[in-house]
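One structure is given here, and the rest of the page talks about it.
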Amino acid sequence: MKLIRDNFQEKRKIRPDGYDKVTGSLKYLTDYSFPGMLYGKVLRSSYPHAKILSISTSKAEQLEGVFAVVTHKDVVGMNRFGLIFPDQPVLCEDVVRYVGDAVAAVAAESEEIADKAIELIEVEYEILEVIDDPETALIDSAVKLHPGGNILHRAGYKSSDDVMSAIDECPFIVEETYETPRQMHAYMETEGGVVVPEADGKITVYAATQHGFKDRMQLARILAMPESDIRVISSPIGGSFGGKDELNIQPYAALLAIKSNRPVKLHNKRIESVKAGIKRHPMKIKMITGAKENGLLVGHFVRITADTGAYATLGPAVLDFAVEHSTGPYRIQNVDIEGISVFTNNGVSGEFRGFGGNQVTFALESQIDRLAEILNIDPLKLREMNIREADDLGPLGQRIVANDGAKNVLEMIKSSPILTTPLKPKDKWRLRGKGAAITMHGGGLGFGRPDPSGARLSLTEEGKIEIAFGFEEFGQGLLATVEILLTDMLGCAKEDVKIVIGDTGLVPASGSSTASRSTNMIWQGINKLKGPWKNKLLNAASRISGVAVETLTLGENGVWEKGEKDKSVITYKELANRLKTELPVCSTQFHFPTTPDAVIGGHYLHTYAAVAVEVEVNQLTGQIKVTKLDHAVAAGPVVNPLGYLGQIEGGAIMGLGFTLFEDSLMENARYHTENFDSYIIPTIRDIPLSTNVYVDESLIENDVFGPRGVGEIGTVAVAPAITAAIHDACGLWVKKLPVSSEEILNALQTTSFSFYKQGVSE
């Protein structure tokens, strides 16, 4: 199947994601305003590492128009947050560990007054030694950034004790160290929201987040309030990509709102978002891979060092994921993988689309291409020789759901016109090349990590079929996916449906909108509910109408009697009016599917993707232009074609930025890039005009797990495909991202590749 944009909206009758039926437009949470609302600002550390000697807020408190000033003394509960390890101070007491650390916050009647108040807060610091490099942090004599030292987490997997011996016996060995950048999420809507204190002492939090229930839990600990007194409304969001999975402005706005007893809006400026927001983990990855003469992969040795920055957030889980995916979709008998996540005074690293898979896939696929060259084997042929079988165990030796996706995407990408069509004749200043890469990606949080979900289906007083999930819409197409699945499974019309998401006061807990899990959880939830739901509605319709229940079916606008010519029995509105207080409700709670083997973090459901690209290398500037990009994806049945296409194409462009442009550069633990004037992301000029998405919807017989999510898979294998194409064009093996134009120019001067080599003369 090939996905194209061809009239999908008309064919599936779906609305634009996040469409507001009342206003006719999108309204994001940071757009909200309330009567008497104040504006919040956070004072963040000026230093990457320092001891706090004193904090004086008296001048700020005396400023006219200021209604509240808070420091750590105002945190009545636990002055810490963090999704897994609550190690980050809400407001620092004695030490700051990075330039984004929060020290105080103010609420005033205008942003200008709030800014002035922040300037009036006096903080006396004692500057401490800065650790801005993970390898420095690991030296025994290095200053300890946390009581437990500078190591956040270690992870590893070893299939045998003699891996290096097996590699040393191989006639073909590739050893290389790869480096990946500190990528920024770069969402258009920065972190923000409004917290409203209610008359009954409760609070309502309108904030951009991927997990409203987890936010509620963390806020309850910080504010020393029952979770039931906190309502989090968390949808729609103006982009996230993992960056808003962790708390951001919520604690500060909540503390200020409670102290002032007024609604408080807090919305980060871009420079505040850059300093305080999380980034993709920079990683240094050493790989040694050995193969036999026939191309069989024998051994794989991997060492990963991740810069997690000042605090934990989801750093341990990211490292676990990177370790698990270091062998990709290949069968390798001897594997030795170790990873370490290290604290530094750099910006905090955390969850980001791909979750550690992007970094190790770049390294792994680069190893495969290097081996193919020294073996003199076609790179895709080498992959085909070593690709996993459907029933093979997972990368950590755990049982996983059988799937032929790896073979299928490899076969599909081999037929891509990018790889089957000769390159255009070379012009004077451009070299052209093509390359490919493949990957596998685990969905859900993995074994040993709570990953529950839930759903509720009910008939409203207005006669609407209401489906409720605790997920959030942040541009991934969630609303359209819910609508398509519900109308397909129940046979009703989209006009019959009411979707409720992203509000802890109205929906069941469904887990985080992350880890490529939402589509699968929605499918499973509706699948579990549809049988009991149909029974309740049809039995009620039969009692009211007197028509035998076995002849009834759900359809558009109501219940129908089956026959030679179906006829309407009762509308949903009429049914609701007759049932009154006995409106049917069905709920379900379940868990994301996990491996039966006790392998911490091990994933059970996987998606697979292959990428082919064509690039142009400018010999005058060293710049790279991706001119063509094709994806082949195996993720089960396609639910929402436009959403699927958007996720793969959008993810590919994010992967392109990771490869060619993006790096939040830091020096002495301070950001060089504080805005988009110096942080370069892909624009329409950088997007290839020719791009295709090929889809394998098949699942192995008896697979009961339904469609997999594709929110991340489109980003993962883009980098190694581009760097393979660069090598094809100019002979340079890239080992550090983003690709350096200077390195390209140096390579052009020192290699035998030139436009003369490719048959072009002046």
Side-chain angles (χ1 to χ4, degrees), residues 174 176 178 180 285 287 289 295 297 300 322 325-330 332 353-354 356-373 377-388 395 405-416 418-420 433-441 606-615 624 626-634 648-649 651-660 688 691-694 696 710 712-729 732-739:
V174 170
E176 190 56 87
Y178 303 90
T180 62
I285 304 163
M287 285 188 175
T289 312
L297 298 177
H300 192 49
H325 289 74
S326 292
T327 53
Y330 301 113
I332 309 176
R353 194 179 195 178
N358 307 58
Q359 296 95 313
V360 293
T361 298
F362 164 59
L364 172 64
E365 290 295 283
S366 296
Q367 289 287 98
I368 299 298
D369 282 327
R370 285 159 166 76
L371 275 170
E373 183 174 70
I377 296 176
D378 176 84
L380 291 183
K381 180 65 176 176
L382 181 60
R383 288 172 169 85
E384 189 176 56
M385 293 164 57
N386 291 280
I387 204 75
R388 58 170 281 110
K407 284 185 175 180
N408 294 344
V409 296
L410 185 56
E411 193 62 32
M412 283 192 292
I413 209 65
K414 283 163 59 178
S415 302
S416 163
I418 295 173
L419 302 181
T420 58
K434 49 191 176 182
I438 63 172
T439 190
M440 69 185 291
H441 190 85
H606 292 81
T607 52
Y608 301 84
V611 181
V613 300
E614 180 181 295
V615 304
I624 308 298
V626 177
T627 53
K628 298 177 182 179
L629 192 154
D630 285 355
H631 248 101
V633 183
I648 300 304
E649 290 185 343
I653 302 311
M654 185 170 276
L656 187 152
F658 172 71
T659 311
L660 298 181
T691 181
N692 298 291
V693 177
Y694 304 96
D696 170 34
V710 293
E712 297 172 275
I713 191 72
T715 72
V716 180
V718 172
I722 292 175
T723 56
I726 291 171
H727 175 73
D728 186 48
L732 172 68
W733 284 122
V734 174
K735 58 184 179 181
K736 183 177 181 180
L737 300 179
V739 177

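Atom set for the values below is all heavy atoms of this structure, side chains included, hydrogens, waters and symmetry mates excluded.
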List for me each residue that meets side chain to side chain contact (heavy atoms under 4.5 Å, CB included) alongside Glu176, sequence neighbours excluded, and say none if there are none. Tyr178, Gln367, Arg370, Lys735
With sequence neighbours excluded, tell me which residues meet side-chain hydrogen bond (donor to acceptor under 3.5 Å, both in side chains) with His300. Thr289
Can any side-chain N or O of Asn386 pair as donor or acceptor with the backbone N or O of Leu297 at less than 3.5 Å? yes
Dump the intermediate steps for side chain to side chain contact (heavy atoms under 4.5 Å, CB included) on Val739 and Thr659, then the final yes or no. CA-CA 6 Å; Val739 177; Thr659 311; 4.2 Å; yes
First locate atom CG of Asp378, then atom CD of Glu373, and finally report the distance between them rounded to the nearest 0.5 Å. 12.5 Å
Nearest heavy-atom pair of Val633 and Val409: which atoms, and what distance? C-CG1, 3.8 Å
Within the distance-only criterion (no hydrogens, no angle test), does the side chain of Asp728 pair as donor or acceptor with the backbone N or O of Lys434 below 3.5 angstrom? yes
Validation row: Glu649, His631 side chains within 4.5 angstrom (heavy atoms): no
Run through Val611, Thr439, Ile438 and flag the one making a side-chain contact (heavy atoms from CB on, under 4.5 Å) with Glu365. Ile438
What donor-acceptor contacts under 3.5 angstrom involve side-chain atoms of residues 712-721, with partners at least two apart or in another chain?
residue, atom, partner, partner atom, Å
Glu712, OE1, His441, NE2, 3.3
Glu712, OE1, Ser516, N, 3.2
Glu712, OE1, Ser516, OG, 2.7
Glu712, OE2, Gly354, N, 3.0
Thr715, OG1, Asn358, ND2, 2.9
Thr715, OG1, Glu712, O, 2.9

With sequence neighbours excluded, what pairs up with Arg388 under the salt bridge (Lys or Arg N to Asp or Glu O under 4.0 Å) test? none
Pro688: what forms a side chain to side chain contact (heavy atoms under 4.5 Å, CB included) with it, not counting sequence neighbours? Val626, Leu629, Ile653, Leu656
Which atoms form the tightest heavy-atom contact between Thr723 and Leu737, and what is the distance? CG2-CD2, 4.1 Å
Test side-chain hydrogen bond (donor to acceptor under 3.5 Å, both in side chains) applied to Asp369 - qualifying residues, sequence neighbours left out: Arg383
Go through the structure and list residues passing salt bridge (Lys or Arg N to Asp or Glu O under 4.0 Å) with Lys628, not counting sequence neighbours. Glu614
Can you name the nearest heavy-atom pair linking Gly356 to Ala322, along with the distance? O-CB, 3.7 Å
Apply ring-ring contact (aromatic ring centres under 6.0 Å, His included) to Phe658 and list each qualifying residue two or more places apart in sequence or on a separate chain. none
Note: Leu382 and Ile368 closest approach over all heavy atoms is CD2-O, 3.5 Å
Rounded distance [0.5 Å steps], NZ in Lys414 versus CG in Leu419: 10.5 Å
In short, Gly328 meets Met440 closest at the heavy-atom pair O-SD, 3.3 Å
With sequence neighbours left out, write down each residue that passes salt bridge (Lys or Arg N to Asp or Glu O under 4.0 Å) with Lys736, or none if nothing qualifies. none
Look up atom CD1 in Ile377 and atom CG in Leu371, then write down how far apart they are to the nearest 0.5 Å. 9.0 Å
Sequence neighbours left out, what passes side-chain hydrogen bond (donor to acceptor under 3.5 Å, both in side chains) with Asn408? Give chain and number order. Asp696
For the residue pair Thr180 and Gln359, what are the closest heavy atoms and their distance? OG1-CG, 3.2 Å
Could you tell me which residues satisfy side-chain hydrogen bond (donor to acceptor under 3.5 Å, both in side chains) with Lys407, sequence neighbours excluded, listed by chain and number? Glu389
Please report the interatomic distance CG(Asn692) to CD1(Ile648), rounded to the nearest 0.5 Å. 13.0 Å
